[in-house]
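Have a look at the structure below before the remarks.
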Number of protein chains: 2
Amino acid sequence: MTDASQLSASLEDYLEAIYNIIREKNAVRAKDIAKRLKVSNASVTGALRMLAKRKFLNYAPYDVITLTPEGERIAREIVRKHEVLRDFLVKVLSVDPGQADEAACRLEHGIPAEIVDRLVKFIEFLEICPLGGQKLVEGFRRHLKCGASDNCDMCIKLAQELASKEVSVPEKVKKNSLADLAPGEKGIIKKIRAKGTLRKRLMDLGLLPGSVVEVERVAPAGDPIEVKVRGYHLSLRNDEAKKVEIEVR
Amino acid sequence: MTDASQLSASLEDYLEAIYNIIREKNAVRAKDIAKRLKVSNASVTGALRMLAKRKFLNYAPYDVITLTPEGERIAREIVRKHEVLRDFLVKVLSVDPGQADEAACRLEHGIPAEIVDRLVKFIEFLEICPLGGQKLVEGFRRHLKCGASDNCDMCIKLAQELASKEVSVPEKVKKNSLADLAPGEKGIIKKIRAKGTLRKRLMDLGLLPGSVVEVERVAPAGDPIEVKVRGYHLSLRNDEAKKVEIEVR
DNA sequence: ACAAATATTTAGGCATACCTAAAATTATAT
DNA sequence: ATATAATTTTAGGTATGCCTAAATATTTGT
Ligand SMILES: [Mn+2]
Ligand SMILES: [Mn+2]
Ligand SMILES: [Mn+2]
Ligand SMILES: [Mn+2]
């Protein structure tokens, strides 16, 4: 069961905005939505009514706005599409972040979830594959800089040389679990060191062996830890993160 | 000067359909457009009126339909976006062609030309780069086959092995110019062996050193030759194609 | 407590983009 | 040449999704 909820691009953007604003400020006001989407307050009221009628949010005139479980599910999927697309544009194609974000927010409505999954796999493969996908991406970035569409054997050869001379990796503390990573660091999931319900829970969240996981934020107390896997944002307790065995490249 | 013509996704699809139908049958009938876009004939009439009012096509009730130069320019750009996106989905991400085509036709309306250009460069880089982008894509294809999202060290190692053992290239006739290629074959443009106006014309068409060019069709007499560069379709005379020096990988 | 400021909704409109059914035009076949 | 068929247009209607202005409700400062 994937979706088939058949929302318009416009309504998807409302859901996305509501979801993001709740994440940021723990509450949504119609005015914030209007501002973010650059529409009038009146338009927001109309959209809210529609989304409530379709059971994606709980809402009555002048009342507080919350997402229903179904609404939240769909909102998360849109956010995921947005982020995967933006990451691909920025990290692989080296598109300017502002432009990438704008394009991602238009493309997100036209791309099916299966293709987003495929894109995630491709981006992960670039990081995982021993053929050196990451080097290739760096080579591409360099290639872009040496001007226009000319034949630039030079920069391509440069890429080749740099790739061959193995860069000496700086000494690093051995990091074994997701709880050892600092914000911004990434690892590849090797194993889920848990059994039963917890194991199932972690796997259901998308923490599967082979996936690349990135730590986004760590709360002052080291708990909870916010991570991103396959374009999904997750919040994990420290003792959960410790159960996720990873490998740092 | 790029565009800024601000056409809706719907009108872009009408232009695209008109352009493609003209290419296929040398004439457009409202009925064909309706069939291709799965809308009623009445809807087509409305769209045609709008496009004519906006000067993208020449049209009067019951009269023949032709694209204006501006309409043709925009139509070509949409077709280019469609094809680049589809190629990326099919050739890099290994998405099923049918699904890729459908997605491409939705995404084409939300992606700016500069990002399409970037995507073209990336796809070309995968073919050109000595780090072995093509091998990486093959590795990815293999990786996809070994099931779900599991950690598949096995297939990744397989990719590595296959990449290292240099496959013996079968004897091949040395191909120097674009005119030597058979349909389906590709080459990298090395040089334009022409001067003055012809040189300029070929370069303006997008035949630039470093670009990957693919032969699509060759007319029975060997003239003209249809090729694709950077997502654009071109039709070249045989003596023009001879001036384009290429290298086969 | 209550006036002023702020937020939200309602009312009334407009543009796009689709539809079906009927009318008008053009093509085709005897 | 004309009846019949096919195509295209017009007429009239629906649903989205946006807007501004006015009305209503809520919040805030004193
Ligand atoms: Mn969006
Ligand atoms: Mn978005
Ligand atoms: Mn389209
Ligand atoms: Mn298309």
Side-chain angles (χ1 to χ4, degrees), chain A residues 4-18 21-22 24-67 71 74-75 78 105-106 108-110, chain B residues 4-18 21-22 24-67 71 74-75 78 105-106 108-110:
Chain A
S5 304
Q6 286 292 66
L7 278 171
S8 66
S10 168
L11 290 183
E12 285 189 349
D13 275 340
Y14 280 104
L15 273 187
E16 185 192 24
I18 291 166
I21 295 169
I22 288 178
E24 289 162 27
K25 332 209 296 189
N26 292 315
V28 224
R29 288 182 315 155
K31 207 200 159 199
D32 302 321
I33 303 170
K35 194 175 175 192
R36 180 152 318 197
L37 298 181
K38 290 176 186 150
V39 295
S40 71
N41 290 351
S43 300
V44 174
T45 302
L48 291 177
R49 238 206 307 259
M50 190 74 229
L51 288 170
K53 201 179 86 186
R54 300 236 234 147
K55 300 284 170 63
F56 296 123
L57 43 85
N58 308 110
Y59 157 84
Y62 297 105
D63 206 354
V64 288
I65 302 159
T66 53
L67 291 167
I74 293 175
I78 299 159
C105 208
R106 266 175 290 129
E108 70 196 2
H109 312 290
Chain B
S5 304
Q6 286 294 65
L7 278 171
S8 66
S10 168
L11 289 184
E12 285 190 349
D13 276 341
Y14 281 103
L15 273 188
E16 184 192 25
I18 291 166
I21 295 169
I22 288 178
E24 289 163 25
K25 330 208 301 191
N26 293 314
V28 224
R29 287 182 315 156
K31 205 201 161 198
D32 301 321
I33 304 171
K35 194 175 174 191
R36 181 152 319 195
L37 297 181
K38 290 176 188 151
V39 295
S40 70
N41 290 351
S43 300
V44 174
T45 301
L48 291 177
R49 240 207 305 262
M50 191 73 229
L51 287 170
K53 202 179 85 187
R54 301 235 235 145
K55 301 284 171 62
F56 297 123
L57 42 85
N58 309 109
Y59 156 83
Y62 297 106
D63 207 355
V64 288
I65 303 158
T66 54
L67 290 166
I74 294 176
I78 299 159
C105 208
R106 267 175 288 129
E108 69 196 3
H109 312 291

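In what follows, chains are A, B, ... by sequence order, proteins preceding strands, each numbered from 1.
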Charged N-O contact under 4.0 Å between B/Lys35 and B/Asp32: no
Out of curiosity, B/Ile21 CD1 to B/Arg36 CZ, how far, rounded to the nearest 0.5 Å? 4.5 Å
Could you tell me how far apart A/Asn41 (CG) and C/dA5 (P) are, to the nearest whole angstrom? 19 Å
Within the structure provided, determine whether A/Leu57 and A/Thr66 are in side-chain contact (heavy-atom separation under 4.5 Å). no
Among residues at least two apart in sequence or on other chains, which ones pass salt bridge (Lys or Arg N to Asp or Glu O under 4.0 Å) with A/Asp13? none
A/Tyr14 side chain N/O closer than 4.0 Å to the phosphate oxygens (OP1, OP2) of D/dT16? no
What residues in residues 27-36 of chain A put a non-hydrogen atom under 4.0 Å from any atom of DNA chain C? A/Arg29, A/Ala30, A/Lys31
Look at the side-chain N and O atoms of B/Ser40 and state whether any lies under 4.0 Å from the OP1 or OP2 oxygen of C/dC19. yes
Nearest-Å distance for atom pair CG/C1', residues B/Asp63 and C/dA27: 16 Å
Distances under 3.5 Å only, N/O to N/O: pair up the protein atoms with those of nucleotides 25-27 of chain D.
residue: D/dA25; atom: O4'; partner: A/Tyr62; partner atom: OH; Å: 3.4

Hey, are the side chains of A/Ile65 and A/Asn58 touching, using non-hydrogen atoms and a 4.5 Å cut-off? no
Partners passing salt bridge (Lys or Arg N to Asp or Glu O under 4.0 Å) against B/Lys38 (at least two apart in sequence or in another chain): none
Output yes when at least one side-chain N/O atom of A/Ser10 is less than 4.0 Å from OP1 or OP2 of D/dT16, else no. no
Closest heavy-atom pair and its distance - B/Asn41, B/Ala34: OD1-CB, 3.2 Å
Over how many whole Å does the gap from B/Leu37 atom CG to C/dA17 atom C1' extend? 12 Å
Rounded distance [0.5 Å steps], CD in B/Glu12 versus CG in B/Leu51: 10.5 Å
Is there a residue in residues 43-58 of chain A whose heavy atoms reach under 4.0 Å of DNA chain C, and which residues are they? A/Thr45, A/Arg49
Name all residues meeting the side-chain hydrogen bond (donor to acceptor under 3.5 Å, both in side chains) criterion together with B/Thr45; count only those two or more places apart in sequence or in a different chain, and write none if there are none. none
A side-chain contact here means heavy atoms from C-beta on lying under 4.5 Å apart; do B/Ser8 and B/His109 qualify? no
